[in-house]
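Here's a structure for you.
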Amino acid sequence: MELSVSLCMIVKNEESVLDRCLASVAHLVDEVIIVDTGSTDKTKEIASKYTSKIFDFEWINDFSAARNFAAEQATGDWILVLDADEYIDEENYQEFVDGLKEDNGQFDTYGVKIINFTGLYGEKLIQNHHDRVYKNNGEITYYRAIHEQLKSVDGTPLNGSIAKLSIFHSGYMNKTVAEKGKNERNKELIDKEMQESNNAFDYFNLGNEYYSQGNYEDALKAYTNAYNLKSNYQLSWVASTVIQIISVLIQLKRYNDAVNVIDDSMDLYPGSFEMVFLKGEISYARGQYDDAKYYFEEIINNSEKYNHAILRPDLKDQMPHRRLGDLYNYEKAYDKAIFHYMSVLNINKLDSDSIGKVIFILNKFHTEAEIIQFIQRNELINKNNLNYYMSACFNIGKPDIIQPFMNHNQEDTVLEKIYKLKNYCLNGLGNISEFSDLLIPKIIENLNKKQMLNIIDIYFLRKRLLEQEEFATLVEAFERDEHISMLIKLMDNLTEEPILETELFFGALQILLNYKMFDYVSALLKNKHLLTEAALAQTAAILYENDFKGEGLQLYNQCDWEVYTEQDFLNIINGLFETGNNLNAIEYAKYANLLFENDFRFYKILLENPIDDQLFNITVKNALNTFKGSIYMEKYLF
């Protein structure tokens with residue numbers, strides 16, 4: 001049986017993503033229908049490369065109206081709906097079409113798996129199913145102004161199934177959401193919908209909007225209303241609501257409430273790795289690191305048991321490995337940390353966080369040649385992640401690590417110039433003519449924003465260009481910048497003004513430590529008397545974490561206890577234990593335990609280093625009450 005598929009899309013100002021979308025699908029479908037709701041960029045021009053069927057539609061704050069107008073233009077047997085910031089998994093498209101043929105018209109609509117990339121770099125995955133395929137028979141239409149859904153024109157129930165098709169969506173990455181103002185637009189349309197219907201699904205969508213805005217109290221209210229109004233707990237969005245309620249409670253630091261929701265939900269959703277992961281996440285947030293390891297390893301070691309994905313498929317393997325990497329990195333168990341970060345990269349070679357941490361740890365113990373061999377042996381770099389590895393190598397001040405992986409083709413020309421510029425900044429090596437077109441204030445500013453150059457690089461670049469007249473304009477631009485100007489004063493010890501830009505000081509210090517430029521670290525630290533006590537304590541923390549423990553502890557001694565954070569106390573306590581000053585370490589731990597009663601790390605110190613029965617018994621009692629369900633605490637139950 002032959003059948004035809006029409007792709008129907010509504011778009012507005014989508015020049016940055018439309019080409020990717022249409023390139024993935026236009027050659028697969030029988031026709032492409034584009035409905036434009038008022039673009040002022042090159043959206044229509046891009047669309048015209050793939051179809052002549054481009055229509056204008058006046059936006060009336062109603063997604064369903066626009067989608068129904070697009071459907072009216074379609075001639076295929078079936079309609080496939082995509083947004084511009086989505087793209088098709090081409091490999092399973094033919095399987096999807098074969099499924100339509102096999103079903104022989106018995107279903108009216110099909111849901112597809114939507115895999116959403118979220119977070120700053122698309123490092124998080126959220127999945128859901130949504131009806132995106134339906135018969136083009138004039139009997140099915142969209143309704144609702146936002147989060148539109150399909151219904152039959154005559155009100156009879158639609159017969160639906162799940163298609164063998166996956167769609168990837170990047171529209172909920174933080175940068176994209178901010179640029180397009182989705183939150184404000186969606187909230188306005190949902191408010192309108194709720195005035196008209198006010199049902200459970202509306203509350204779920206309202207909760208999602210509040211959550212994405214960081215308004216967790218209102219998100220919790222909306223999700224709770226959605227759950228209480230549900231008609232059936234087996235609906236897919238209801239399970240997502242439960243996950244979101246737990247996530248919101250974690251954000252609000254209502255950890256025991258979150259654990260209670262998880263425990264109450266385990267029977268409803270057996271095999272859910274997300275429930276186990278969120279228990280681990282709660283333990284991680286509260287400093288219960290032994291418990292956190294247990295839960296994350298439980299998922300990894302029992303993948304057949306935990307095979308039910310509700311909302312976050314990345315919580316099954318990628319995120320547990322990343323969290324374990326972070327835990328072992330924190331404990332300085334670097335071999336185990338590398339193992340888990342590499343496990344992440346075996347799943348997702350684009351995970352920039354794990355890339356950066358692998359390179360950072362390797363740099364602690366290995367030469368540039370050894371790091372290059374490690375990357376080659378594990379086949380880590382490809383054309384899609386080269387810039388992530390470049391950034392990671394730049395961050396440790398070792399640009400030469402990336403040089404062997406440059407392909408010297410046209411696509412890498414700009415990256416190669418940036419590499420040469422970075423090398424010149426740090427080492428004064430290279431021919432300026434090879435990257436002179438980058439030595440323009442606006443370009444340097446953009447490279448700084450993209451984290452290819454940092455303020456220390458610019459400081460060195462200025463020093464190297466001072467005597468070269470042709471770059472006087474660039475040097476002047478550097479010196480007009482308030483941050484660079486302040487850094488010059490600090491590095492050259494030209495000021496006695498209090499340091500108000502503490503983030504500049506901390507950032508410069510960490511970069512110089514990463515670069516192992518210890519003479520410059522010393523020069524910067526000559527200004528430590530210009531810091532407040534709180535800033536001095538943070539400087540001590542940076543030194544301590546970078547293995548300058550003695551220097552860090554000396555600075556801590558100059559600060560009042562009132563400015564210490566949890567980590568400051570832990571650094572001091574661990575330093576005291578390492579020097580055999582156990583009694584003082586316990587005194588610090590007792591005080592910190594009173595200040596930070598929800599941080600399990602201080603309880604553990606007191607439990608594992610008992611000095612008297614009374615303190616031990618009080619600590620056990622308080623820990624059992626505060627951290628209910630702790631696996632680590634089971635051995636202290638009597």
Side-chain angles (χ1 to χ4, degrees), residues 2-88 90 93 96-97 100 108-110 112 114 130-153 158 163 165 167-171 176 179-182 185-186 188-189 192-193:
E2 292 301 315
L3 54 82
S4 56
V5 177
S6 298
L7 170 65
C8 288
M9 299 178 62
I10 57 174
V11 297
K12 180 181 177 181
N13 293 336
E14 301 287 6
E15 66 177 4
S16 63
V17 291
L18 184 59
D19 194 64
R20 179 187 65 181
C21 173
L22 291 175
S24 77
V25 69
H27 60 292
L28 302 174
V29 298
D30 296 281
E31 70 174 348
V32 176
I33 307 295
I34 301 290
V35 170
D36 190 280
T37 62
S39 292
T40 56
D41 63 1
K42 295 181 180 179
T43 293
K44 286 186 180 181
E45 181 182 331
I46 293 167
S48 66
K49 295 193 301 182
Y50 299 91
T51 182
S52 60
K53 297 181 179 181
I54 302 172
F55 304 89
D56 291 316
F57 182 80
E58 183 178 354
W59 179 245
I60 55 173
N61 288 326
D62 190 325
F63 281 95
S64 286
R67 294 219 186 275
N68 290 332
F69 175 77
E72 290 170 8
Q73 320 309 317
T75 61
D77 302 314
W78 292 88
I79 290 175
L80 167 64
V81 175
L82 287 180
D83 290 333
D85 51 11
E86 299 174 335
Y87 53 100
I88 284 287
E90 296 183 53
Y93 183 82
F96 152 67
V97 172
L100 289 180
D108 302 308
T109 64
Y110 287 87
V112 303
I114 313 280
H130 195 266
D131 289 340
R132 292 295 192 88
V133 181
Y134 64 100
K135 285 180 179 175
N136 186 22
N137 56 11
E139 298 175 6
I140 301 172
T141 186
Y142 274 105
Y143 73 104
R144 297 171 57 93
I146 187 172
H147 300 298
E148 56 277 18
Q149 295 180 294
L150 292 166
K151 67 176 182 178
S152 63
V153 173
L158 294 173
L165 184 65
I167 294 173
F168 299 97
H169 177 221
S170 61
T176 307
E179 286 178 350
K180 300 184 74 170
K182 284 187 174 184
R185 178 203 67 190
N186 290 358
E188 181 181 336
L189 294 178
K192 178 184 174 184
E193 283 289 331

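Below, all heavy atoms of this structure are taken into account, side chains as well, without hydrogens, waters or symmetry copies.
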Given side chains that start at C-beta, do those of Glu90 and Leu28 come closer than 4.5 Å, heavy atoms only?
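Sidechains of Leu28 and Glu90: in contact.
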Given Ser4, which of Val97, Asp77, Thr75, Val29 fulfils the side chain to side chain contact (heavy atoms under 4.5 Å, CB included) condition?
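With Ser4 as partner, side chain to side chain contact (heavy atoms under 4.5 Å, CB included) holds for just one option, Asp77.
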When you compare the side chain of Ile79 with that of Arg67, does any pair of heavy atoms fall below 4.5 Å?
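Counting from C-beta outward, Arg67 and Ile79 never come under 4.5 Å.
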Shortest non-hydrogen contact between Asn61 and Ala145, atoms and distance:
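Result for this residue pair: O-CB, 3.8 Å.
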Please confirm whether the backbone N or O of Tyr87 pairs with a side-chain atom of Ser24, one donor and one acceptor, at under 3.5 Å?
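Not a single qualifying donor-acceptor pair exists.
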As an exercise, state the distance from OH of Tyr50 to CD1 of Ile34, rounded to the nearest 0.5 Å.
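With rounding to 0.5 Å, OH (Tyr50) is 10.5 Å from CD1 (Ile34).
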Compare all side-chain heavy atoms of Arg132 with those of Tyr110 and state whether any distance is below 4.5 angstrom.
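Side-chain contact under 4.5 Å: no.
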Would you check if Ile140 and Val153 make a side-chain contact, meaning some heavy-atom pair closer than 4.5 Å?
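The answer is no, as the side chains (C-beta and beyond) never meet within the 4.5 Å cut-off.
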Hey, does the side chain of Asn137 reach the backbone of Glu139 with a donor-acceptor pair shorter than 3.5 angstrom?
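Flag set: sc Asn137 to bb Glu139 pair under 3.5 Å.
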Residues that Tyr142 engages under ring-ring contact (aromatic ring centres under 6.0 Å, His included), provided they are two or more places apart:
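By the ring-ring contact (aromatic ring centres under 6.0 Å, His included) rule, Tyr142 matches Tyr134.
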Considering non-hydrogen atoms only, spot the tightest contact between Trp78 and Leu3 and give its length.
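Closest pair (atom of Trp78, atom of Leu3, distance): NE1-CD2, 4.1 Å.
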Under the rule for salt bridge (charged side-chain N to carboxylate O under 4.0 Å, His left out), what residues qualify as partners of Lys151, not counting sequence neighbours?
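Here no residue qualifies.
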State, to 0.1 Å, how close Cys8 and Ala74 come at their nearest heavy-atom pair, and which atoms those are.
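Closest approach of Cys8 to Ala74, heavy atoms only: SG-CB, 3.9 Å.
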Going by salt bridge (charged side-chain N to carboxylate O under 4.0 Å, His left out), name the residues that satisfy it together with Asp36, two or more places apart in sequence or in a different chain.
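Asp36 satisfies salt bridge (charged side-chain N to carboxylate O under 4.0 Å, His left out) with no other residue.
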Got a second to check how far Ile88's CD1 is from Leu165's CG, nearest 0.5 Å?
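One finds 4.5 Å between CD1 of Ile88 and CG of Leu165.
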By side chain to side chain contact (heavy atoms under 4.5 Å, CB included) - contacts of Asp41 (at least two apart):
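If we apply the side chain to side chain contact (heavy atoms under 4.5 Å, CB included) test to Asp41, skipping adjacent residues, the hits are Asn13, Glu15, Ser39, Thr43.
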Does Asp19 have any salt bridge (charged side-chain N to carboxylate O under 4.0 Å, His left out) partners at least two apart in sequence or in another chain, and if so, which?
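If we apply the salt bridge (charged side-chain N to carboxylate O under 4.0 Å, His left out) test to Asp19, skipping adjacent residues, the hits are Lys49.
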More than 12 heavy atoms of other groups within 6.0 Å of Lys42 NZ
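At most 12 heavy atoms, drawn from other residues, nucleotides or ligands, come within 6.0 Å of this atom.
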What's the separation between atom OH in Tyr93 and atom NE2 in His27, rounded to the nearest 0.5 Å?
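Spacing of OH (Tyr93) from NE2 (His27) equals 9.5 Å.
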Does any part of the side chain of Phe57, heavy atoms only, come nearer than 4.5 Å to the side chain of Ile10, both counted from C-beta?
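With C-beta onward as the side chain, the pair stays apart.
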I need the Leu22 CG to Met9 CE distance, nearest 0.5 Å.
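Leu22 CG to Met9 CE: 5.0 Å, rounded to 0.5 Å.
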Would you indicate whether the side-chain heavy atoms of His169 and His130 approach each other to under 4.5 Å?
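Heavy-atom side-chain distance check fails, nothing below 4.5 Å.
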Taking Ser64 for its side chain and Arg144 for its backbone only, find out whether a donor-acceptor pair lies under 3.5 Å.
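Checking the backbone N and O of Arg144 against the side chain of Ser64, a donor-acceptor pair under 3.5 Å is found.
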From Glu31 atom CD to Lys53 atom NZ, the distance as rounded to the nearest 0.5 Å:
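The NZ atom of Lys53 is 3.5 Å from CD of Glu31, to the nearest 0.5 Å.
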I'd like to check Thr141 versus Glu148 (side-chain heavy atoms, cut-off strictly below 4.5 Å). Are they in contact?
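Not touching, per the 4.5 Å side-chain cut-off.
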How many angstroms lie between OG in Ser6 and CG in Asp30, if you round to the nearest 0.5 Å?
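Going from the OG atom of Ser6 to the CG atom of Asp30 covers 7.0 Å.
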Would you check if the side chain of Asp108 reaches a backbone N or O of Leu158 as a donor-acceptor pair within less than 3.5 Å?
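The answer is no, because no donor-acceptor pair under 3.5 Å joins these two groups.
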Pairing residues for Asp131 by the side chain to side chain contact (heavy atoms under 4.5 Å, CB included) criterion, not counting sequence neighbours
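Partners of Asp131 by the side chain to side chain contact (heavy atoms under 4.5 Å, CB included) criterion, ordered by chain and then number, come out as Thr109, Leu150.
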Can you name the closest pair of heavy atoms from Asn136 and Gly76 and give their distance?
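Scanning both residues, the minimum pair turns out to be ND2-O, 2.9 Å.
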